[in-house]
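Notes follow the structure.
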Amino acid sequence: MNNDLSSYFEDPEFKDILAKYEGMAENHTPTYFDAEELTDIAEYYASQGDEQKAEDAIDFALRLHPTNTDALVSKSRSLCIKGKLSEAYQIMNLIEDQNDREVKFLKADLLIEERRMEEAESIYQELAASEDESFEVLLDIFMTYMDANQMDYAEKWLNKIERKGYNETNSQKYRDALCDFCMTFGQPERATHAFQLSLDELPYSVPHWNGLAKCYLAQNEIENAHEAIDFALAIEENNAEALEVKGFCYIQNENYEEALRIYHQLLPTSKVPSRIYALMVKCYMDMEKANEAKAMCQEWLKKCPKLTSFEKSEIFSYISMCCFNLNHPEEGMKYIDAALDLEPSFRGAILQKGMLYLQMNQKQEAVKLFQKVLDISPDDEQSEILYNVANSYFFLQMYPETIEWCEKIIRNYPDDQIEALHLTACSYYNMLDIDLCLKYLALIWHKSNNRFEDEYLNDKRFKYMFANITHLIKKDGL
């Protein structure tokens, strides 16, 4: 495993190899490459989010070097990512040296994918012992668990690195690992400190300025995020990641026009156009410009022909949401059915179909789908789903039903009550029941330490209510 590949990708030698490969692909001219060169090219494309090109590079490597261990390992991992575990095992079994270090990591990867965690841990323990628990092997194991989104195991191996004497003050690689862990698992405050320490030593490192800006965004410190990303852009004005983060800063400030200007600038050369299109669709949706969002989705489908099945399903779901916002439920149903044809278990699409049934006044069908989504979703997503359902009723001015679904949150998820309380208060306000509206506003005031949060005061759904309730209190002494 090579933890320094990202810096290698900037090396002139690699850039020459990549240019040679892309020239071959474009001109269809037969060219020879070492297996290692092709696996590095595959790693590069994977890092850019272009899985199809990564797979093409691996397949080409296997045509030239059918028994090469690294190429077979990469192919097996690719199949594993796609959920084709039996095929992944078949490819792995073709490898001659089953004791090769990379093959052992691959075996553990496949076991993790099958949730056979103890067996994977056993392999890692043997690997670590065989290399005297060196920093490199501990870091490789940590990164494997990070890739698998296994927080507890990743933290266990990060702690092993710490016990070896590596920490934020004496190791840049440790700091980078810590930042990765903290940003992935919702600890941006700790990551902020580590990024700041890194920038003390590497003041011109654009990736670290980008990382610091993301930390500030995660803590809703928008001005600090702007400042950090401006440092990154001062160093490298066309850095794609920095521009993308700058655009997101503008989204957080609700300056959608500036965000769109940046994303339009990025789009022609972006190596991850789908992500840019998704951000542009978000801008238009937040601006309540459903027609523009719909047109952007259609352009996305046209300009990105190699989308995965799930990506297409997501885009169809976005178009369906645009139709919902435009009060065109029949058209929306066509798109959501296309989404579900591609991905029948896509929970977001099932929820969206329920919303369309609601808009068509087929309430029983809607409730069946809402319940289906709840039944197949994990516990930590239940309150969010309930809120999305309640918000759908609210959008359609079905206020008693809005209150009913909000009550499910208020009763069962005390940590997620505030949003539901706001929606309930506003529903009562729209039903002209001022006494109950005031009751729920008082609950919000109490639970929010005797204040109303700016994010709700400025929310388009609630601004009118807050303004008029304040007027009523002043006028009538309510």
Looking at [atom1] of [X] and [atom2] of [Y], how far apart are the two atoms once the value is rounded to the nearest 0.5 Å?
| X | Y | atom1 | atom2 | answer |
| --- | --- | --- | --- | --- |
| Thr169 | Tyr174 | OG1 | OH | 9.5 Å |
| Lys53 | Tyr21 | NZ | OH | 9.0 Å |
| Ile95 | Asn68 | CD1 | CG | 9.0 Å |
| Glu113 | Arg77 | CD | CZ | 12.0 Å |
| Leu369 | Met355 | CG | CE | 12.0 Å |
| Leu266 | Arg261 | CG | CZ | 10.0 Å |

Return yes when atom [atom1] of [X] has more than 12 non-hydrogen atoms of other residues, nucleotides or ligands closer than 6.0 Å, and no otherwise.
| X | atom1 | value |
| --- | --- | --- |
| Lys160 | NZ | yes |
| Lys303 | NZ | no |
| Glu254 | CD | no |
| Glu189 | CD | yes |
| Gln125 | CD | yes |
| Lys372 | NZ | no |
| Tyr413 | OH | yes |

Just by distance, do the side chain of [X] and the backbone of [Y] share a donor-acceptor pair under 3.5 Å?
| X | Y | value |
| --- | --- | --- |
| Asn167 | Asn170 | yes |
| Ser122 | Glu118 | no |
| Gln150 | Thr144 | no |
| Glu311 | Thr308 | yes |
| Tyr263 | Glu244 | yes |
| Glu343 | Ala339 | no |
| Ser74 | Asp70 | yes |

Of all heavy-atom pairs between [X] and [Y], which one has the smallest distance, and what is that distance?
| X | Y | value |
| --- | --- | --- |
| Leu139 | Ala177 | CD1-CB, 3.8 Å |
| Leu307 | Ser274 | CD2-OG, 3.2 Å |
| Ala213 | Ile229 | CB-CD1, 3.8 Å |
| Cys182 | Ala191 | CB-CB, 3.6 Å |
| Ala61 | Leu38 | CA-CD1, 3.4 Å |
| Ala148 | Ile112 | CB-CG2, 3.7 Å |

Short N-O contact, [X] and [Y], less than 4.0 angstrom:
| X | Y | value |
| --- | --- | --- |
| Glu55 | Lys82 | yes |
| Lys302 | Glu299 | no |
| Glu126 | Lys104 | no |

Going by atom types only, do [X] and [Y] share a side-chain donor-acceptor pair under 3.5 Å?
| X | Y | result |
| --- | --- | --- |
| Glu102 | Thr69 | no |
| Gln52 | Asp56 | yes |
| Glu114 | Tyr89 | yes |

Working for side-chain contact (heavy atoms from CB on, under 4.5 Å), residues Phe316 and Leu301: CA-CA 9 Å; Phe316 287 140; Leu301 287 166; 3.8 Å; yes
Check whether any side-chain heavy atom of [X] sits under 4.5 Å from a side-chain heavy atom of [Y], and report yes or no.
| X | Y | answer |
| --- | --- | --- |
| Thr192 | Glu221 | no |
| Glu36 | His65 | no |
| Leu356 | Ser320 | yes |
| Phe395 | Asn391 | no |
| Glu121 | Tyr145 | yes |
| Cys323 | Ile336 | no |
| Arg101 | Phe105 | yes |
| Met285 | Cys322 | yes |

Derivation of the side-chain contact (heavy atoms from CB on, under 4.5 Å) call for Gln187 and Phe181: CA-CA 8 Å; Gln187 301 175 28; Phe181 178 84; 3.7 Å; yes
side-chain hydrogen bond (donor to acceptor under 3.5 Å, both in side chains) between Gln382 and Ser377, worked out: CA-CA 7 Å; Gln382 296 286 309; Ser377 298; 4.9 Å; no
Derivation and outcome, side-chain contact (heavy atoms from CB on, under 4.5 Å), residues Ile319 and Glu331: CA-CA 9 Å; Ile319 297 174; Glu331 183 185 3; 5.6 Å; no
Leu79 and Gln90: CA distance, side-chain angles, deciding distance, side-chain contact (heavy atoms from CB on, under 4.5 Å) verdict: CA-CA 10 Å; Leu79 291 165; Gln90 287 172 15; over 6 Å; no
Aromatic centroids of Tyr124 and Tyr153 separated by under 6.0 Å: no
Cation over ring face, Lys246 and Tyr250, 6.0 Å, 45°: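 Flagged: Lys246 positioned over aromatic ring of Tyr250.
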Pairs where residues 200-212 contributes a residue and the test side chain to side chain donor-acceptor pair (under 3.5 Å) is met, not counting sequence neighbours: Gln172-His208, Arg175-Glu201, Asp176-His208, Ser205-His208, Asn210-Asn239, Asn210-Glu241
Aromatic ring pairing Phe9/Tyr44, orientation class (parallel under 30°, perpendicular over 60°, tilted between):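 Perpendicular, since the angle between the ring planes exceeds 60°.
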Candidate pair Glu37 and Lys20, rule salt bridge (Lys or Arg N to Asp or Glu O under 4.0 Å), full reasoning: CA-CA 11 Å; Glu37 292 174 335; Lys20 179 181 169 186; 5.5 Å; no
May I have the list of side-chain donor-acceptor pairs in residues 26-34 shorter than 3.5 Å, sequence neighbours left out?
from  : atom 1 : to    : atom 2 : distance (Å)
Asn27 : ND2    : Gly23 : O      : 3.1
Thr31 : OG1    : Thr29 : O      : 3.1

